[in-house]
Amino acid sequence: MNFSLKEILPHHKVDQETQKNGVMLVTFAEPKHVVAEQFRTVRTNIEFAGAALDVCKVIMFTSSAMSEGKSTVSANVAVTWAQAGKKVLLIDADLRRPTVHATFRTLNLDGVTTVLTGKNTPEQVVETTFVDHLSIITSGPVPPNPSELLNSKRMGKLLDWARNNFDIIVLDTPPVLAVSDVQVLVPKTDGVVVVANMGKTLKGDLERTVEVLKLANAKILGSVERVKAKHGDRGYGYGYGYGYGNEK
């Protein structure tokens, strides 16, 4: 499937800033804004791409490299699903550079890592948020062995629990080319959305990202483009497209 749309998102700092203060939830703060509408369009396009799959409940958002907007996109799309009445769980599976706890103004004492090490159960770490129908599981303390934890049987059981208790599970994961975390998660997910920063993401890196995901047998639903706004407009443009979805 091929998609083409552009959207404007108010400018905000990235890199370390998102880890400290989280990402901007424009879909919650200004749900009638054109930006929020465009994120809803992104959500709808993901649903269309996933319609060809037998199951499309666990959706991973990733990128080629750091600071390309995957946390912004995953959190805002999760909010739009919740606003549509779906019971949504956003899981921070980026165990190296977590942001979900900062975005939703909560502590990160327990979460994915404490479930995967056996300290907690999913029921003990899941949290409701200020967004109706949206729950989160933060990353928990940063571990020394993220890939091994994400590749564990407990991660599979965590996602099985999520499937049984939520309509949609959104995974905010690390960049594909930086670490091996994403590859070990692919078999546990139903579809992948790739976020690219057009103007920053190298074409070769994007191509390698797609190759790596396909080698892991990922079902790529599509991509979200982050494009710098033109003519001095504040913000960034986003577009959902490229139509990788369901290619073999």
Side-chain angles (χ1 to χ4, degrees), residues 14-25 28 57-63 66-79 81-82 87-131 133-166 168-176 178-190 192-193 195:
V14 291
D15 301 319
Q16 299 297 325
E17 191 71 18
T18 59
Q19 285 187 277
K20 180 181 179 181
N21 297 321
V23 303
M24 180 177 292
L25 291 178
F28 175 77
K57 291 187 70 171
V58 179
I59 301 171
M60 174 195 300
F61 286 77
T62 189
S63 58
M66 295 185 298
S67 305
E68 297 192 337
K70 66 176 179 59
S71 294
T72 298
V73 175
S74 59
N76 276 281
V77 173
V79 169
W81 263 311
K87 189 177 181 183
V88 183
L89 176 63
L90 172 61
I91 299 178
D92 197 339
D94 191 339
L95 305 185
R96 302 166 194 266
R97 292 168 53 88
T99 60
V100 169
H101 65 285
T103 298
F104 290 91
R105 306 295 187 263
T106 187
L107 298 176
N108 196 25
L109 301 177
D110 299 304
V112 173
T113 57
T114 58
V115 171
L116 300 187
T117 55
K119 176 184 176 182
N120 297 115
T121 64
E123 292 88 351
Q124 291 173 323
V125 299
V126 66
E127 300 179 58
T128 57
T129 70
F130 47 77
V131 180
H133 310 299
L134 176 61
S135 298
I136 59 171
I137 295 181
T138 63
S139 70
V142 176
N145 56 341
S147 293
E148 288 81 358
L149 287 179
L150 294 173
N151 196 31
S152 65
K153 290 183 179 179
R154 283 186 175 137
M155 186 64 192
K157 291 180 179 178
L158 170 59
L159 291 178
D160 287 343
W161 171 85
R163 288 179 187 274
N164 290 330
N165 288 278
F166 293 88
I168 297 287
I169 300 95
V170 174
L171 296 181
D172 181 358
T173 66
V176 171
V179 291
S180 62
D181 300 10
V182 172
Q183 291 95 303
V184 302
L185 276 174
V186 163
K188 301 176 175 67
T189 63
D190 301 324
V192 179
V193 176
V195 178

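Treat the numbers as computed from the prediction; the structure is a model and nothing was measured.
- Between V88 and A82, the closest heavy-atom pair is CG2-N, 3.5 Å.
- Residues L171 and L159 have side chains in contact (heavy-atom distance under 4.5 Å, counting atoms from C-beta outward).
- Two residues are said to be in side-chain contact when any heavy atoms from C-beta on lie closer than 4.5 Å; V77 and V170 fail this criterion.
- Distance alone, capped at 3.5 Å, is enough to place a donor-acceptor pair between the T103 side chain and the V23 backbone.
- A donor-acceptor pair under 3.5 Å is absent between the side-chain atoms of D92 and the main chain of P98, judged by distance alone.
- Expressed to the nearest 0.5 Å, how far CE of M66 lies from CZ of R97 amounts to 4.5 Å.
- Distance check: K157 NZ to T121 OG1 gives 13.0 Å after rounding to the nearest 0.5 Å.
- The nearest pair of heavy atoms linking L134 to A78 is CD1-CB, 4.2 Å.
- Side-chain atoms of D181 and S147 form a donor-acceptor pair, as typed in the model, at a separation below 3.5 Å.
- Atoms CG and CG, on N165 and D160 in that order, are 11.0 Å from each other to the nearest 0.5 Å.
- For the atom pair CG (L150) and OG1 (T113), the distance works out to 10.0 Å, reported to the nearest 0.5 Å.
- A side-chain donor-acceptor contact under 3.5 Å links R105 to the backbone of N21.
- Considering only heavy atoms from C-beta on, Q124 stays 4.5 Å or farther from D110 through its side chain.
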request  = Verify side chain to side chain contact (heavy atoms under 4.5 Å, CB included) between V192 and I59, making sure each step is shown before the conclusion.
outcome  = CA-CA 6 Å; V192 179; I59 301 171; over 6 Å; no
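- The side-chain heavy atoms of T173 and T189, taken from C-beta on, include no pair separated by under 4.5 Å.
- The heavy-atom pair separating L149 from L116 by the smallest distance is O-CD1, 3.4 Å.
- Counting only heavy atoms from C-beta outward, the side chains of W161 and L89 approach each other to under 4.5 Å.
- Nearest approach of P174 to T62, heavy atoms of both residues: O-OG1, 2.7 Å.
- Under a 3.5 Å cut-off, the side chain of K70 and the backbone N or O of V195 do not form any donor-acceptor pair.
- A donor atom on one side chain and an acceptor atom on the other are found under 3.5 Å apart for N108 and S139.
- In this pair, F130 and F28 present their aromatic rings tilted. The plane angle is within the 30 to 60° band.
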task = Report the C-alpha distance between V73 and V193 in whole Å, list the side-chain angles of each, state the deciding distance to 0.1 Å, and finish with yes or no for side chain to side chain contact (heavy atoms under 4.5 Å, CB included).
result = CA-CA 10 Å; V73 175; V193 176; 5.6 Å; no
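- Nearest approach of T117 to R154, heavy atoms of both residues: C-NH1, 3.4 Å.
- The closest side-chain heavy-atom distance from I91 to I136 is not below 4.5 Å.
- Among V142, N145, V179, V112, the single residue meeting the side chain to side chain contact (heavy atoms under 4.5 Å, CB included) criterion with L95 is V112.
- Heavy atoms only, all atoms of each residue included: M60 and V182 are closest at SD-CG1, 3.4 Å.
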D172 vs S71, side chain to side chain donor-acceptor pair (under 3.5 Å): CA-CA, chis, key distance, verdict = CA-CA 6 Å; D172 181 358; S71 294; 2.7 Å; yes
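- Atom OG1 of T99 and atom CZ of F104 lie 9.0 Å apart (nearest 0.5 Å).
- Using a distance-only test at 3.5 Å, with no hydrogens or angles considered, no donor-acceptor pair links the side chain of K57 to the main chain of D190.
- Between atom CD1 of residue I169 and atom NZ of residue K188 there is a gap of 14.5 Å, rounded to the nearest 0.5 Å.
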